[in-house]
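Numbered from 1 within each chain, the chains take letters A, B, ... in sequence-line order. Since the structure is predicted, the reported quantities are computational estimates derived from the model, not experimental observations.
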Amino acid sequence: MRISQLFYQTLKEVPREAQIPSHQLMFRAGMIQQLASGIYNYLPLAQKSLQKIEKIIREELEKKGCQEVLLPTVQPAELWEKSGRWGYYGPELLRLKDRKNGDFCLGPTHEEVITDMVSKVLKSYKQLPWNLFQIQGKFRDEVRPRFGLMRGREFIMKDGYSFDVDEEASKKNYWKMYEAYTAIFKRCGLSFRAVDAATGNIGGDMSHEFQVLAKSGEDLILSCDSCDYAANAEKAVTPREASPAITEGLKKAEDVHTPACKTIEEIAAFLKRPEEDFIKSIIYMIDEEPVLVLIRGDLDINESKLQTLCGANGVFLADDAVVLEVSGAGTGFAGPTGLKKKVKIIADYSVTGRANMVSGANKDDYHKVNVNYGRDFEADILGDLSFAHAGQGCPKCEGKLEEYRGIEVGQVFYLGTKYSVPMECNYLDKDGKSHPAVMGCYGIGVGRTMASAIEQHHDDDGMIWPAAIAPFEAVVLPLQMNKEEVVEAGEKIYADLKAAGVDIALDDREERAGFKFKDADLIGYPLQIVIGARSLEAGEVELKIRKTGEKKNIPLKDVNSFVSEYLTAEKSVE
RNA sequence: CGGGAUAUAGCCUAGUGGCUAAGGCGCCUGCUUUGGGAGCAGGAAAUCGCAGGUUCGAGUCCUGCUAUCCCGACCA
């Protein structure tokens, strides 16, 4: 590619909107343009890098026997009603109507469409397994799009879905995808960790996230300092269990007047007791049923764990009317004893094993002291509902957890039959008996992968692309465009490298040397091949390695072999 | 969805209620220069986010709206 013809621009100044390095640099290098909040145009430099990432994805998935399909962006509501997600997916699902007033949505993910598609073909166990994927634009109407390509509303995603006869076969597929993802992100030159993850809206009971380690990451991940345990903070297990009920030293429960004390902090100060002595009681709507959730006062309820613990589709805070109906009081005074309306109680382990605690009295301006688990109340479900944190013990060994920021670039889920049952995606076994297919699903944020590569590899001058996903592998910089021999040498090296299969750019613009250097550093070509009048006289060119800043003079005849060898070494995984 | 902020040329910014809205980057023309975003001269480019209002007079003050960004909540 001749840079004089490339559709792009570079900027010295950063637009005010761009806040993190990948966004600023991609904008400055003319890779992306914002069209609306969370919606971007991808210019040629970005598209080239995206295509390289996509190619790596395709190669690694095809190695594992996956087949590529392409599914529509616009999907009929009917399918989502069938899976049950039309009702609870929420406003993130962009819904629209066609001219006949029919309901549609823009696909945020494709479980419904693919399961429906497969159900029309699947008949016999002999056809399975299948593992299908696509690379396609997704739309999620995020509440708060952020950080350029990191959290867009429209974004490019590779999504894949596996179909198997049973759990064992499906989990085998799951681990194959785990391997493929590991290979993909390694080839993209990323430093990452696979961590245990929550399953959220997609569902299923086993999941790993592939997290790129970066300061600007939105996710908090916890990882053991001595074993291989690593998990998203919302998923990480808290090493705590139910304690046996305490039977001695229990005092009589009684109501105390606690005017205007709604938060644990206020009431703890008012009663002069530590927050650990309190039982935080919050009423949630879990799949449209009010539920009282309890946790020790110094901890917070982890809604992700709550959803998983009750196997629910959705977990939301109850509104004031429901709180009044259930507890008979305004918010801030609910507690497990003396509820106005009997509801299910779900409690964290932390409310057991502690005597004479304090909770709301289900009466405005009153709390109840000396409340004891086992004597005054019991939970219908008892489990781990708290957030894990750095410094706590590892749930698997004697080590301690450390925290990192991460960018989630991929996630794999074992889904089971969550979609195949409602979507009637069934096959007949060899006895002629019908079974739902067992599914897994696997996503990679392609644009996010590109952005996180920049987050991990950049300096004050610009991007430093891993060779495998760089928009161009190298650039030829003829410095004196008024000197014929310089221009000619540039043209020749450019042509030779191109013929050798190097993805090469030639900066043939009538610009000064400094200008070209600055642009080249910003765009982050892994190699710069500098052709200057002086070194050319000695029959040499100067090679700059962007990653290290190292410069070498190389005889003209060795340029091809040096560049090819360097790039091959850089792109190899080990 | 709660809190905060911003909106002036393609980008970054200045602009005390008062004359023709200013500068830098970028762009165009010419000359000069050619190893780290050169210099000089000239030029094009603005419905000051939109709609109302106050005022003799509004980029500037007020109200409403819209868009964008940040923090939080939320989030395969």
B/U20 and B/C31, which share atom name C1', separated by this distance in whole Å: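 Per the computed distance, 31 Å lies between those C1' atoms.
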Between B/G52 and B/U60, how far apart are the P atoms? Round to whole Å, please.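 These two P atoms come out 14 Å apart once rounded.
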Just how far is it from atom OG of A/Ser162 to atom CE of A/Met177, taken to the nearest 0.5 Å?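 A/Ser162 atom OG to A/Met177 atom CE measures 7.5 Å (nearest 0.5 Å).
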Quickly work out the [X] [atom1] to [N] [atom2] distance and round it to whole Å.
X: A/Ile531; N: B/G36; atom1: CD1; atom2: C1'; value: 17 Å
X: A/His23; N: B/U68; atom1: NE2; atom2: P; value: 13 Å
X: A/Met481; N: B/U33; atom1: CE; atom2: C1'; value: 15 Å
X: A/Leu25; N: B/C11; atom1: CG; atom2: P; value: 19 Å

Counting only Watson-Crick or G-U wobble pairs whose two distances fall under 3.5 Å, which nucleotide matches [N]?
N: B/U33; value: none
N: B/G2; value: B/C71
N: B/A9; value: none

If we check ring-ring contact (aromatic ring centres under 6.0 Å, His included) with A/His208, which of these qualifies: A/Tyr442, A/Phe413, A/Trp175, A/Tyr414?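 Filter result, single survivor: A/Trp175.
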Dump the pairs, protein N or O against N or O of nucleotides 25-32 of chain B, anything under 3.5 Å, distances to one decimal.
| residue | atom | partner | partner atom | Å |
| --- | --- | --- | --- | --- |
| B/C25 | O3' | A/Lys12 | NZ | 3.4 |

Let's test your reading of the model: under 3.5 Å, does the base of B/C75 pair with the side chain of A/Arg151 as donor and acceptor?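 Between B/C75 and A/Arg151, which were checked side chain against base, a qualifying N/O pair under 3.5 Å is present.
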With under 30° as parallel and over 60° as perpendicular, where do the rings of A/Phe210 and A/Phe185 fit, or are they tilted in between?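 The arrangement is tilted - the two ring planes meet at 30° to 60°.
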Base, sugar-phosphate, or nothing for [X], non-hydrogen atoms under 4.0 angstrom?
X: A/Gln19; value: sugar-phosphate
X: A/Asp159; value: nothing
X: A/Glu92; value: sugar-phosphate
X: A/Glu408; value: base

Cation-pi between A/Arg95 and A/Trp80: NZ/CZ under 6.0 Å from ring centre and within 45° of the ring axis?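 Negative - A/Arg95 is either too far from the ring of A/Trp80 or too far off its axis.
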Interface residues of residues 543-552 of chain A with RNA chain B (non-hydrogen, below 4.0 angstrom):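 Heavy-atom contacts with RNA chain B come from A/Lys544, A/Lys551.
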When you check every protein heavy atom under 4.0 Å of nucleotides 41-46 of chain B, what one-letter string (B, S, -) results, 5' to 3'? ------
Using the test salt bridge (charged side-chain N to carboxylate O under 4.0 Å, His left out), find all partners of A/Lys552 that sit at least two apart in sequence or belong to another chain.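 Once residues adjacent in sequence are excluded, the partners of A/Lys552 under the salt bridge (charged side-chain N to carboxylate O under 4.0 Å, His left out) criterion are A/Glu550.
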Taking salt bridge (charged side-chain N to carboxylate O under 4.0 Å, His left out) as the definition, give me every residue that meets it alongside A/Lys64, ordered by chain and number, with sequence neighbours left out.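 Scan of A/Lys64 (salt bridge (charged side-chain N to carboxylate O under 4.0 Å, His left out), adjacent residues dropped) gives A/Glu179.
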What pairs of nitrogen or oxygen atoms, one from the protein and one from nucleotides 4-8 of chain B, lie under 3.5 Å apart?
| residue | atom | partner | partner atom | Å |
| --- | --- | --- | --- | --- |
| B/U6 | O2' | A/Arg16 | NH1 | 3.3 |

Is it true that A/Tyr525 and A/Trp465 have ring centroids separated by less than 6.0 Å?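 No: the rings miss the under 6.0 Å criterion.
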Minimum side-chain heavy-atom gap A/Arg2-A/Glu491 below 4.5 Å: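 Yes, their side chains come closer than 4.5 Å.
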Considering all heavy atoms, the nearest A/Ile32-A/His23 contact: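 So the minimum-distance heavy-atom pair works out to CD1-CD2, 3.9 Å.
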